[in-house]
Amino acid sequence: MNKPLFSKHETYHPPNGYIQLTVNGQYAVACQWAAPAIRELLTNSTLHDWAAAQKDHEPMHGRGINYGVMLPAGFENEASTAVVVRRNRHGGFLGPVTGEYFRSPTRAPLELSNSLRLTSAGVNTPEVVAYALYPVLMNFVRCDVVTRRLPDGGDLPEMWAKADSSGRANLLAGVASLLKSLVRAGAKHADLNLKNIYIAGHGSSLTAYLLDVDRVTFPECDNIAKLNFNRLARSARKWRTRWGLDFDEKTIKRLATLSLEMN
C-alpha cells in the first residue's frame, strides 16, 4: 500500500477554485473547470505520457521534453484549452542523479500558490491548470504540471537576438514593466535569468511573463528592486560572455534606468 502523499500533519487545502483528486493512487490538484478531464486522463496514464501520445503535440525542450497540447476542457461544453504539460526534473549538479524524483509533495503546491499570488498582484505569469503526483518509493514521487499555454513568442534571449534596435527598445520596456510589477507584489525571484522571462506579442504591445515562479519568495525588505535587477544583470552578462548575446553594459544600464525609476 502506497504511503499517503500528505500525512495527517500535512493536511493540504487547495486554493479557491481548485479541487483535490485521487485517482488510482495518484494525487492531483486541478482547476474546477479542468478537474473532470484531469481525472479521466489519470485513469489511463500520467499527464505527461498522455501529452506525449497526442497526435498534434508540440515538443518543447527544456529540462527534458515538455508538450504543448490541447486539453479537452474549458469553460464551455466541448471546449478545449491550449496547455503545456511539464514533467518536473531537477537541475544543477545533482540533476543527472536525482532526475525526476522529488520528495512529496514537491514544489508544485508552491508554484500554484505563488502563481495565484503573483497574478492577483498584477504580475504576468502562466496560469497553473493542474498538477499531479505519482508515488514511486517511500516518500518520493514524480510530478507533472499543466499550465495554460502563453501566446506565441519566445524567451528573452531568443527574442533579443532577432530584434532590431526598435524591437529591442520595446523589449527593454516590457522587461522593465515586469520588474516593476515584481516590486509592487513584494516578490523576489531567486533565479531571475533571461530564460525565465517569456515575451509574447510584438512592438509596443508586447508582454513579458515571469516563469519558474516556484523560485519566488515574498520577503519583507525594501531592496527587492535592486535584488531582482542585480540577479537579472548577472544573467545578461553570462549570456554575453558564454553565448555571445549582444546585451552590453549600455543596455544593462538602460534597463536599470527604466526598471528602477520610481521604485
Side-chain angles (χ1 to χ4, degrees), residues 57-68 84 86-100 111 118 123-126 147 149-183 187-216 223-261 263:
H57 73 241
E58 181 179 345
M60 302 175 179
H61 295 275
R63 290 180 185 169
I65 302 178
N66 308 322
Y67 295 102
V84 175
R86 179 182 82 242
R87 170 62 54 84
N88 276 353
R89 292 174 175 84
H90 288 281
F93 179 73
L94 292 177
V97 178
T98 52
E100 59 187 35
E111 179 177 351
L118 289 167
V123 179
N124 299 312
T125 192
T147 56
R149 187 165 182 175
L150 295 175
D152 289 343
D155 60 40
L156 182 54
E158 174 189 353
M159 302 299 281
W160 185 265
K162 62 185 182 183
D164 58 18
S165 58
S166 175
R168 289 183 172 184
N170 289 325
L171 286 171
L172 287 180
V175 173
S177 178
L178 178 65
L179 291 173
K180 287 183 176 183
S181 71
L182 288 175
V183 175
K188 174 181 175 290
H189 197 302
D191 189 22
L192 187 57
N193 59 69
L194 300 192
K195 291 284 285 185
N196 279 340
I197 296 178
Y198 181 92
I199 305 296
H202 305 280
S204 59
S205 62
L206 63 80
T207 301
Y209 292 83
L210 185 71
L211 307 181
D212 281 2
V213 299
D214 62 321
R215 301 300 306 277
V216 169
N223 63 339
I224 286 178
K226 185 175 181 180
L227 292 172
N228 284 334
F229 176 80
N230 288 345
R231 184 67 183 80
L232 190 61
R234 287 197 298 272
S235 173
R237 294 183 179 107
K238 182 177 179 180
W239 270 89
R240 184 173 71 229
T241 57
R242 290 195 179 183
W243 297 291
L245 187 68
D246 183 18
F247 206 106
D248 58 22
E249 289 301 315
K250 182 178 179 180
T251 301
I252 293 175
K253 185 176 180 180
R254 176 57 180 161
L255 180 58
T257 300
L258 291 172
S259 63
L260 298 178
E261 62 186 8
N263 277 327

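Keep in mind the model is a prediction, meaning the values are calculated, not measured. All residue numbers in this chain count up from 1 along the given sequence. The figures that follow rest on heavy atoms only: side chains count, while hydrogens, waters and symmetry mates do not.
The main-chain N or O of G153 is found under 3.5 Å from a side-chain atom of Y198 such that the two form a donor-acceptor pair. In this structure, the side chain of N66 does not engage the main chain of V84 through any donor-acceptor pair within 3.5 Å. Under the 3.5 Å distance criterion, the side-chain polar atoms of S181 are matched with a main-chain donor or acceptor of L178. Within the 3.5 Å criterion, the main-chain N or O of L210 finds a donor-acceptor partner in the side chain of T125. N228 contributes a side-chain N or O that, together with a main-chain N or O of H189, makes up a donor-acceptor pair within less than 3.5 Å. The backbone N or O of R87 sits less than 3.5 Å from a side-chain atom of R89, completing a donor-acceptor pair.
Other residues, nucleotides and ligands place more than 12 heavy atoms under 6.0 Å from the CZ atom of R231. With a 6.0 Å radius and a threshold of 12 heavy atoms from other residues, nucleotides or ligands, D152 has its CG atom at or below the threshold.
Residues N196 and R215 fail the side-chain proximity criterion, which asks for heavy atoms closer than 4.5 Å. A 4.5 Å side-chain heavy-atom check between P126 and L211 finds at least one atom pair inside the cut-off.
Between the CG atom of D155 and the CD1 atom of I199 there is a distance of 9.0 Å, given to the nearest 0.5 Å. Atom CG of residue N223 and atom CG of residue N230 lie 9.0 Å apart, to the nearest 0.5 angstrom.
Contacts of Y67 classified as ring-ring contact (aromatic ring centres under 6.0 Å, His included), with partners at least two apart in sequence or in another chain: H48, H57.
Pairs passing the ring-ring contact (aromatic ring centres under 6.0 Å, His included) check and including a residue from residues 237-261, sequence neighbours excluded, read W160-F247, W239-W243.
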